[in-house]
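Data block below; observations after.
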Amino acid sequence: MKIDILTLFPNMFNSFKEESIIKRAIDEGKVTINTCNFRDFSKNKHKKVDDTPYGGGNGMVLMCQPIFDAVASIKKEKSKVILLSPQGSKFTQEKAYELAKEEHLIFICGHYEGFDERIKTICDEEISIGDYVLTGGELPAMVLTDAVVRLIPGVIEEKSHENDSFNNGLLDYPTYTKPRNYKGLEVPEVLLSGDHKKIESWRKNEQLKITNEKRPDLLNKKVKITKEGLKKSKNKIRMDDVKNIKVTEVKNIKPTGKFKIVNEQKINAITILNPKYIIGYKLRGKSNGNNSNKIIIVKNEFIKKMVLKNIHKKMDILTYRLNVALQSDDDDVTGKVLGEAEMLKSMIISSYARYLGGENLDKIIKNINYLVNEFVKVKTIQSTYMNKTNRRRMS
Ligand code: 4GN
């Protein structure tokens with residue numbers, strides 16, 4: 001991969017490129033990172049790159065010419081030009097995976113009060129690293145570079161990003177290292193037990209607990225399934241399950257019941273679960289503006305795997321919530337979680353059932369019913385016990 005960074009302050013990138021994992025990735029030829037000072041492209045005799053805004057207002061605005069010319073000198077057919085700006089779409093781990101597949105990224109770092117709006121016409125995307133304003137786009141460019149470079153195959157051990165926060169839509173579980181006791185702070189017993197099954201389920205529960213506490217919004221999000229994720233996952237998918245073809249060629253292919261057609265850009269999103277992909281040969285679904293010239297034909301098996309993965313995540317969340325509700329004596333909490341269980345069942349039946357074999361569907365619904373029944377049983381025992389103790393206390 002090659003990354004070109006257009007900036008007025010190339011020195012800011014020196015130590016970034018000369019330390020740690022980024023340095024190693026560069027030394028091993030996994031990535032080339034160049035900075036380009038677009039001031040060098042200014043046709044002004046004072047090498048000016050900015051000017052006052054039309055219509056009046058504060059500060060200086062970066063003008064088109066130096067940036068247009070700098071991009072033109074670097075850009076190739078397959079380059080992706082990205083403008084770093086607070087108005088961009090928010091940078092996420094999913095986006096990092098998407099960018100990691102590119103051959104050539106060009107980042108444009110603005111400064112001063114802004115850039116001439118027309119600069120956006122030469123950009124493929126506008127990205128923001130968060131809802132705050134910085135003095136320049138250099139730090140955001142480093143953030144994107146760092147997040148993307150670590151995903152290039154071989155840069156870090158691939159096992160280390162399997163567990164990254166967000167990869168399964170959940171935050172990471174807590175980790176500890178030696179010593180067992182540090183100033184009275186103990187490592188959780190279960191991690192020392194050597195019982196891998198127990199450790200795995202403790203970690204899963206911690207992930208759900210932490211995500212529920214810190215980022216409840218993530219629990220309500222659909223699982224994003226990436227091709228990479230599926231490749232790594234236990235139910236391995238062979239890549240010939242997914243065939244790339246050009247749109248122009250697709251006209252000759254009659255989609256049969258065995259296949260669904262999805263936009264390649266969206267293969268990593270669960271949107272492909274909506275069965276309305278194709279009307280004639282026109283792709284439907286949310287488009288993020290980057291319409292791909294490729295579509296992918298996906299076998300039903302592939303969709304089934306994704307559906308199952310999504311359902312399993314939802315069942316994990318439900319199990320967790322049922323457990324939380326068991327600790328609470330608030331009837332509202334109980335009502336809510338039972339409602340969630342019903343919702344999950346009807347969602348599975350209405351949206352997912354068609355992709356699962358009847359056998360799978362049966363098993364899943366049985367499992368949910370079992371969870372709910374167990375929950376109700378324990379709740380009943382709890383409340384009988386509570387009533388007894390209350391009566392005893394009152395008498
Ligand atoms: C990007 C750029 C914040 C972000 C920036 C961000 C430089 N600040 N949230 N500052 O990703 C106006 C023109 C501000 C350049 C821009």
Side-chain angles (χ1 to χ4, degrees), residues 1 3-17 22 31 33-42 44 46-75 79-100 102 104-151 164-166 214-215 217-218 288-290:
M1 162 171 304
I3 300 177
D4 280 297
I5 301 161
L6 270 61
T7 168
L8 294 172
F9 305 96
N11 288 339
M12 284 181 76
F13 292 86
N14 291 349
S15 54
F16 174 71
K17 293 201 294 183
I22 302 297
V31 64
I33 303 175
N34 293 325
T35 49
C36 162
N37 190 338
F38 55 83
R39 192 180 293 283
D40 298 340
F41 286 82
S42 172
N44 178 284
H46 306 294
K47 293 277 170 209
K48 223 166 99 114
V49 290
D50 55 345
D51 215 325
T52 53
Y54 276 124
N58 287 333
M60 300 296 272
V61 175
L62 288 169
M63 38 197 208
C64 289
Q65 181 270 316
I67 292 182
F68 268 65
D69 289 351
V71 170
S73 79
I74 295 170
K75 195 178 149 102
S79 313
K80 187 149 203 178
V81 183
I82 292 165
L83 185 66
L84 287 318
S85 113
Q87 279 104 48
S89 54
K90 195 157 310 156
F91 187 58
T92 58
Q93 188 61 33
E94 197 194 348
K95 193 74 188 171
Y97 275 109
E98 203 181 301
L99 296 182
E102 297 289 335
H104 185 204
L105 297 172
I106 301 176
F107 294 140
I108 303 179
C109 307
H111 247 267
Y112 312 115
E113 304 310 306
F115 6 67
D116 189 309
E117 187 66 18
R118 291 166 290 187
I119 288 171
K120 291 182 188 168
T121 62
I122 55 165
C123 299
D124 298 301
E125 264 187 83
E126 196 180 351
I127 294 180
S128 160
I129 60 163
D131 290 336
Y132 36 80
V133 179
L134 304 166
T135 57
E138 283 75 13
L139 288 169
M142 285 184 227
V143 168
L144 264 66
T145 306
D146 192 285
V148 167
V149 169
R150 72 186 281 287
L151 295 179
D164 285 351
S165 285
F166 309 113
K214 299 188 181 164
R215 295 287 308 277
D217 57 305
L218 292 177
N288 52 4
N290 319 305

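Counting starts at 1 for both ligands and their atoms, following the listed order.
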Quick one: does Val143's side chain get under 4.5 Å of Leu84's, heavy atoms only? no
Do Ile5 and Asn34 have side-chain heavy atoms sitting under 4.5 Å apart? no
Would you find a donor on one side and an acceptor on the other, under 3.5 Å apart, between the side chain of Asp124 and the backbone of Val81? yes
Here the pair of heavy atoms bringing Phe68 nearest to Arg118 is CZ-O, 3.5 Å
Please tabulate, one line per pair, the protein nitrogen or oxygen atoms found under 3.5 angstrom from a nitrogen or oxygen of ligand 1, with distances to 0.1 Å, or say none if there are no such pairs.
| from | atom 1 | to | atom 2 | distance (Å) |
| --- | --- | --- | --- | --- |
| ligand 1 | 8 (N) | Leu134 | N | 2.9 |
| ligand 1 | 9 (N) | Ser128 | OG | 3.2 |
| ligand 1 | 9 (N) | Gly130 | O | 2.9 |
| ligand 1 | 9 (N) | Tyr132 | O | 3.1 |
| ligand 1 | 10 (N) | Leu134 | O | 3.0 |
| ligand 1 | 11 (O) | Ile129 | N | 2.8 |

Any side-chain heavy atom of Ser128 sitting closer than 4.5 Å to one from Lys90? no
Taking C-beta and beyond as the side chain, do Val49 and Leu8 meet within less than 4.5 Å on heavy atoms? yes
